[in-house]
Amino acid sequence: MAMDMSYFDEMEAKIPRGKIRTRFAPSPTGYMHVGNLRTALYTWLIARHGGGTFILRIEDTDQGRLVEGATDVIYRTMAECGLTHDEGPDVGGPVAPYIQSERRDTYGKYAHLLVERGHAYYCFCEKTESEEDAGDFNRAADPCRSLSLEEARARVEAGEPYVIRQRIPEGGTTTFHDAIFGDITVENSALDDQVLLKRDGLPTYNFANVIDDHLMGITHVVRGSEYLSSAPKYDLLYHAFGWEVPTYVHCSPVMRDQHNKMSKRHGDPSYEDLKAQGYLTEAILNYVALLGWSPRGEQAEREVFSLAELAEIFDIAGISKSPAIFDIEKLTHFNALYLRAMSPEAFHAAAEPYIRRTVNNPALDTRAIAALLQARCERLTEIPEKVAFFETLPHYEKDLFTNKKSKTNEEVSKRMLESAVPALEELADWTQESIHSCLMDLAAKLEVKNATLMWPVRIAAAGQAVTPGGAVEICQILGRDECLRRLKVGLELL
């Protein structure tokens with residue numbers, strides 16, 4: 001008896017059509033690694049560039065690997081990165097639900113439809129998941145493949161446990177097209193009869209993917225090139241249902257070096273790790289966009305792009321077949337560019353929490369400190385160590401006062417500080433301008449180069465050779481009393 005097709009007709013009628021629809025479909029199994037973020041970004045950019053719809057779908061069919069809180073990480077990362085979705089579990093949409101475990105009944109119906117059409121079969125053999133994953137298979141040895149539909153149905157109705165497997169054609173080839181790699185042909189004999197529906201009634205990742213992508217009207221499927229080997233089986237499923245095949249966009253992996261893919265177990269950073277290491281979201285996104293993609297035409301020489309600019313110029317043809325190597329130094333370079341391009345107000349807002357990790361004195365102006373840092377900082381996490389001297393004068397040795405370039409030694413530095421302390425004590429106003437004028441006039445009076453005076457003043461004020469900002473800025477921020485106290489400590493040391 002022919003199957004009632006009304007359910008399937010209703011599902012087809014719901015599918016939005018007529019414009020680009022892409023999806024990011026992460027599994028909530030852990031952190032958002034750089035490869036995941038790149039997939040999300042490219043998928044979002046394809047949709048935005050084409051004026052289409054971007055969908056967030058949570059693929060949680062592998063219940064054994066789910067990690068508590070991982071879905072929250074996905075939502076938070078997407079929101080922080082500005083990768084807003086038009087449809088998804090939290091905003092709904094015309095093809096809800098957008099969480100795979102809530103679509104369980106749908107997959108079963110489509111799996112049984114495939115059996116009816118002869119493109120899948122009930123399998124009653126006992127195989128462990130490790131055997132399935134090993135890749136060792138002998139299609140001819142599977143006795144269930146040759147069972148008649150009537151016999152298989154009778155065993156199902158009798159309550160015998162089963163899975164539903166895809167029936168791969170025994171001979172011939174399958175050719176599919178990828179936007180990056182072109183046409184790829186494989187021998188059908190190299191493909192296994194993969195499980196579509198497991199014994200617990202849940203679909204496998206590969207089957208759920210195809211069903212959801214079709215029913216959600218997905219036009220472009222972006223994923224890692226590790227899925228190229230599965231693409232022929234996806235293609236056969238689309239054809240078995242008589243569905244249009246979406247545009248495949250397989251991206252080559254992000255590598256930690258020439259030979260190894262990035263992975264958490266090797267200590268490679270996730271998006272959240274990079275944020276914790278002081279990298280700006282905008283810099284991370286910009287750099288990740290260029291991991292395997294490059295702009296073309298008049299934009300070819302540019303490196304720095306806002307998210308809006310990327311959406312305007314992004315095209316699939318710019319995606320490379322070659323693996324991309326994640327270079328933390330290059331990311332650091334991008335981050336420095338972004339930090340320096342921020343408005344002073346925005347930089348202060350980003351830097352202040354890091355300044356306050358080591359500078360607790362409320363009298364010290366964090367805005368003035370931030371102004372010193374902006375051109376001298378590559379990562380926000382460098383800030384606490386750079387500015388700790390403002391809070392507490394560190395212990396230092398008097399040999400810091402000797403600097404060949406500034407023509408100073410301990411004797412010269414002692415003479416400079418002996419002159420600087422009374423000159424600064426007499427200042428009516430404690431401003432950068434007044435401090436600068438005072439010290440410039442003093443250097444002229446002492447007939448020494450400016451650096452010969454400024455070096456010992458800065459060493460005494462900061463207690464370290466490398467500082468953000470020079471003597472004048474540091475003295476002004478410290479305030480009259482603390483600055484003069486420190487200069488006198490330096491004199492005592494000398």
Side-chain angles (χ1 to χ4, degrees), residues 31-34 36-38 40-41 44-45 72-84 268-291 302-311 326-392 432 462 464 466-470 472-474 476-479:
Y31 69 110
M32 179 81 91
H33 62 68
V34 169
N36 282 147
L37 180 58
R38 186 185 66 170
L41 176 59
W44 185 90
L45 289 171
D72 294 333
V73 170
I74 293 166
Y75 281 122
R76 185 168 61 248
T77 301
M78 300 290 280
E80 285 183 13
C81 293
L83 303 180
T84 51
D268 296 313
S270 67
Y271 165 77
E272 293 205 319
D273 291 335
L274 292 172
K275 284 276 291 180
Q277 289 168 19
Y279 293 97
L280 297 172
T281 295
E282 297 84 355
I284 297 170
L285 278 177
N286 192 153
Y287 179 62
V288 167
L290 300 175
L291 282 174
R302 276 186 69 186
E303 281 192 320
V304 178
F305 298 95
S306 68
L307 192 58
E309 288 171 330
L310 285 170
F326 182 84
D327 183 349
I328 196 72
E329 291 184 7
K330 184 71 170 175
L331 173 58
T332 302
H333 164 71
F334 270 93
N335 205 60
L337 293 178
Y338 272 85
L339 288 171
R340 285 160 200 167
M342 296 171 82
S343 69
E345 295 78 15
F347 180 79
H348 173 254
E352 185 178 25
Y354 293 89
I355 294 171
R356 285 303 185 198
R357 288 183 188 178
T358 52
V359 179
N360 299 309
N361 185 348
L364 295 174
D365 185 356
T366 55
R367 282 179 172 76
I369 295 172
L372 299 185
L373 290 164
Q374 187 162 6
R376 301 172 175 89
C377 179
E378 293 186 320
R379 291 182 295 117
L380 293 170
T381 45
E382 298 170 354
I383 291 174
E385 185 178 0
K386 283 180 182 288
V387 301
F389 72 88
F390 281 111
E391 179 74 14
T392 307
Q432 277 197 34
Q464 57 193 47
V466 179
T467 58
V472 172
E473 295 96 333
I474 292 169
Q476 189 272 324
I477 291 169
L478 286 171

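Everything numeric here is computed off the predicted structure, so don't read it as measured data.
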| Side chain proximity check, Thr358 to Glu385, heavy atoms < 4.5 angstrom | no
| said: Could you check whether any side-chain heavy atom of Leu280 comes within less than 4.5 Å of a side-chain heavy atom of Met342, counting everything from C-beta outward? | reply: yes
| query | Any side-chain heavy atom of Ile355 within less than 4.5 Å of one from Leu364? | reply | no
| When you look at Leu83 and Thr77, which way does the side chain to side chain contact (heavy atoms under 4.5 Å, CB included) test go after all the steps? | CA-CA 9 Å; Leu83 303 180; Thr77 301; over 6 Å; no
| task | Supply the atom-to-atom distance Ile369 CD1 to Ile383 CD1, rounded to the nearest 0.5 angstrom. | result | 10.5 Å
| query | Measuring from Leu37:CG to Glu272:CD, what's the distance to the nearest 0.5 Å? | reply | 11.0 Å
| Side-chain heavy-atom pair Asn360, Glu391 within 4.5 angstrom cut-off | yes
| Exam field: side chain Arg356 to backbone Pro384, donor-acceptor pair closer than 3.5 Å | no
| query | Are side-chain heavy atoms of Val288 and Leu331 found at a separation under 4.5 Å? | reply | no
| said: Measuring from atom NZ of Lys330 to atom CD of Glu303, what distance do you get when rounded to the nearest 0.5 angstrom? | reply: 3.5 Å
| message | Can you confirm whether Ile477 sits close enough to Leu372 that some side-chain heavy atom of one is under 4.5 Å from a side-chain heavy atom of the other? | response | yes
| task | Would you indicate whether the side-chain heavy atoms of Glu378 and Asn335 approach each other to under 4.5 Å? | result | no
| field | Arg376/Glu382 salt bridge by N-O under 4.0 Å criterion | value | no
| request: Evaluate the side-chain hydrogen bond (donor to acceptor under 3.5 Å, both in side chains) criterion for residues Tyr279 and Thr332: first the C-alpha distance (whole Å), next the side-chain angles of each, then the deciding distance (0.1 Å), finally the verdict. | output: CA-CA 8 Å; Tyr279 293 97; Thr332 302; 2.7 Å; yes
| task | Find the distance between CZ (Arg367) and CD (Glu345) and round it off to the nearest 0.5 Å. | result | 8.0 Å
| request: Taking the side chain as every heavy atom from C-beta outward, state whether Ile474 and Phe389 have any atom pair closer than 4.5 Å. | output: yes
| message | Does the plane of the ring in Phe334 sit parallel, tilted or perpendicular to the ring in Tyr287? Use 30° and 60° as the thresholds. | response | tilted
